[in-house]
Amino acid sequence: MTESTDGRPVLVLNAGSSSLKYQLVLPESGAVRAGGVVERIGESGSDVADHSAALSAMTERLRADGVDLDDVPLRAVGHRVVHGGPEFSAPVVIDDGVLDRIRQLSALAPLHNPAAVIGIEAARRHYDVPHVAVFDTAFFSSLPAPASTYAVPRDLAAKHSIRRYGFHGTSHQFVAQATADLLGCPLGDLRQVILHLGNGCSASAVHGGRAVETSMGLTPLQGLVMGTRSGDVDPGLHAYLAREAGMTLDEIDTLLNKKSGVLGLSGVNDFRELVQRVDAGDEDARLAFDVFVHRLKHYVGAYLAILGGADVLVFTAGIGQHSAPVRAAVAEGLAELGIVVDSALNEERSNEARVISPDGSHVVVAVVPTNEELAIARQTADLVG
Ligand code: AMP
């Protein structure tokens with residue numbers, strides 16, 4: 001942890017229902033003064049009763065890491081908020097009205113927004129500095145109407161704010177710019193297909209820095225196969241399960257969000273373990289890997305069509321940055337579309353942004369690390385000045 005010369009840090013908070021991730025970031029240099037996660041909030045037997053106690057625990061841990069928040073005055077706190085609904089298309093300074101709106105948006109993101117609200121309330125009590133909400137949906141508020149509109153009756157959609165919102169926007173936006181920097185090419189000139197493959201997975205098509213398609217929808221359940229989420233299924237599955245398996249709506253929601261995806265197919269959701277099982281000849285793991293890759297190819301093909309061809313295909317997040325077998329499998333058989341991966345470059349281990357396609361490839365294939373905390377810190381600092 002280097003000492004700063006470039007001003008006051010931004011505290012970035014990502015509050016989940018039972019965890020609080022934190023990072024103290026100097027937005028200009030990107031230096032991280034400290035960071036960590038407080039877990040098991042509110043669980044039985046845990047010392048951390050609620051999010052307010054989690055912030056106290058965080059303050060203690062920061063002190064143990066040599067950072068006393070009384071001596072290192074904060075510039076602002078940046079909060080990751082999953083759902084910004086129809087109105088939040090950019091970061092916003094949080095006041096009581098904004099907090100109320102984020103609370104109301106819990107109907108659209110019942111698994112995510114309530115925790116963010118509790119985290120924001122606790123942090124506003126603890127830190128008397130500007131608080132900024134950075135929304136996971138904001139980057140995709142630019143989706144053209146044909147991409148954001150579901151083919152359901154328009155009055156119903158308007159009444160209930162039903163549209164494709166997209167998520168992981170902070171990451172896709174950061175990676176789009178970082179890829180342009182890597183290639184030494186203006187962002188405005190690039191057609192990019194970006195694959196964010198972490199615990200949650202999403203794809204985007206970005207044209208000239210503007211998002212024109214993404215795989216997630218009204219909720220973060222749509223699209224790619226994920227660790228525990230099914231991604232795309234026939235919408236008829238819900239009614240079928242209700243009728244044939246006697247399941248309630250909540251049970252179906254839990255099934256598709258928490259028990260499906262790679263976990264549901266193979267019994268494990270950590271991708272490292274999945275790949276180990278594939279190598280050991282486990283057939284369930286093999287099928288999970290193949291379904292994961294098949295869905296990815298489906299979206300890559302779709303986005304090449306949406307963009308009228310791509311200049312670059314980008315892999316990011318835990319799986320995208322670290323799993324050479326996934327990258328190789330996605331590119332396999334796509335040479336006619338201009339997508340080729342150089343196996344030696346692909347196998348190289350590195351935490352740096354890098355190109356893994358051969359020189360002169362029609363489509364550049366790149367691995368570009370995401371950094372959502374830094375993106376949130378920068379957007380927060382830009383807003384509060
Ligand atoms: P993230 O949400 O970006 O932290 O990504 C988490 C996912 O990345 C988990 O499924 C991890 O198993 C996966 N992951 C992390 N490191 C590796 C690796 N070396 N190889 C394959 N998957 C990895």
Side-chain angles (χ1 to χ4, degrees), residues 12 14-23 32 35-37 39 80 82 111-112 115 136 139 166-176 178-179 194-204 214-216 220-221 223-231 257-280 282 284-293 295-296 314-331 341 343 345-354 356 366-376:
V12 177
N14 180 355
S17 54
S18 66
S19 70
L20 178 74
K21 292 195 194 115
Y22 60 92
Q23 217 177 73
V32 176
V37 57
E39 289 175 305
R80 174 174 187 249
V82 165
L111 301 176
H112 297 101
D136 237 21
F139 183 53
F167 300 86
H168 294 147
T170 308
S171 173
H172 284 273
Q173 185 175 20
F174 179 89
V175 168
T179 302
I194 300 174
L195 305 178
H196 173 112
L197 310 178
N199 281 319
C201 300
S202 60
S204 70
T214 193
S215 57
M216 286 178 166
L221 183 55
L224 300 174
V225 176
M226 315 183 206
T228 65
R229 284 175 245 168
S230 61
N257 275 292
K258 305 235 161 114
K259 300 180 184 170
S260 296
V262 170
L263 175 69
L265 290 170
S266 74
V268 294
N269 74 17
D270 188 293
F271 222 85
R272 273 166 292 209
E273 205 177 330
L274 185 82
V275 172
Q276 282 164 9
R277 289 194 185 196
V278 172
D279 292 343
D282 179 326
D284 290 345
R286 178 82 249 169
L287 180 66
F289 184 92
D290 290 347
V291 173
F292 183 84
V293 169
R295 188 79 53 83
L296 276 166
V314 194
F315 290 88
T316 192
I319 300 166
Q321 288 165 219
H322 301 297
S323 181
V326 165
R327 296 189 300 253
V330 169
V341 160
S343 55
L345 293 174
N346 186 38
E347 296 289 338
E348 255 173 41
R349 288 178 176 275
S350 161
N351 289 322
E352 302 294 320
R354 61 202 186 275
I356 58 168
V367 179
V368 178
T370 190
N371 191 338
E372 289 173 274
E373 290 78 15
L374 177 58
I376 291 171

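Order of listing sets the numbers, starting from 1, for every ligand and every atom in it.
Interatomic distance, CZ of R229 versus CG of L111, reported as 8.5 Å (0.5 Å rounding).
For D284, there are no side-chain hydrogen bond (donor to acceptor under 3.5 Å, both in side chains) partners two or more places apart in sequence or in a different chain. With sequence neighbours left out, L374 forms a side-chain contact (heavy atoms from CB on, under 4.5 Å) with V25, F174, N371, R378. Residues satisfying the side-chain hydrogen bond (donor to acceptor under 3.5 Å, both in side chains) criterion with R354, sequence neighbours excluded, are absent altogether.
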Handout entry: Verdict with supporting geometry, S202 and H172, side-chain hydrogen bond (donor to acceptor under 3.5 Å, both in side chains)
Key = CA-CA 9 Å; S202 60; H172 284 273; 2.8 Å; yes
Ligand 1: protein N/O within less than 3.5 Å of ligand N/O:
{"from": "ligand 1", "atom 1": "2 (O)", "to": "N199", "atom 2": "N", "distance (Å)": "2.9"}
{"from": "ligand 1", "atom 1": "3 (O)", "to": "G318", "atom 2": "N", "distance (Å)": "2.9"}
{"from": "ligand 1", "atom 1": "8 (O)", "to": "I319", "atom 2": "N", "distance (Å)": "3.3"}
{"from": "ligand 1", "atom 1": "10 (O)", "to": "F271", "atom 2": "N", "distance (Å)": "3.3"}
{"from": "ligand 1", "atom 1": "12 (O)", "to": "D270", "atom 2": "OD1", "distance (Å)": "2.7"}
{"from": "ligand 1", "atom 1": "12 (O)", "to": "D270", "atom 2": "OD2", "distance (Å)": "3.4"}
{"from": "ligand 1", "atom 1": "12 (O)", "to": "F271", "atom 2": "N", "distance (Å)": "2.9"}
{"from": "ligand 1", "atom 1": "12 (O)", "to": "R272", "atom 2": "N", "distance (Å)": "3.4"}

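A heavy-atom distance below 4.5 Å is found between the side chains of F292 and I319.
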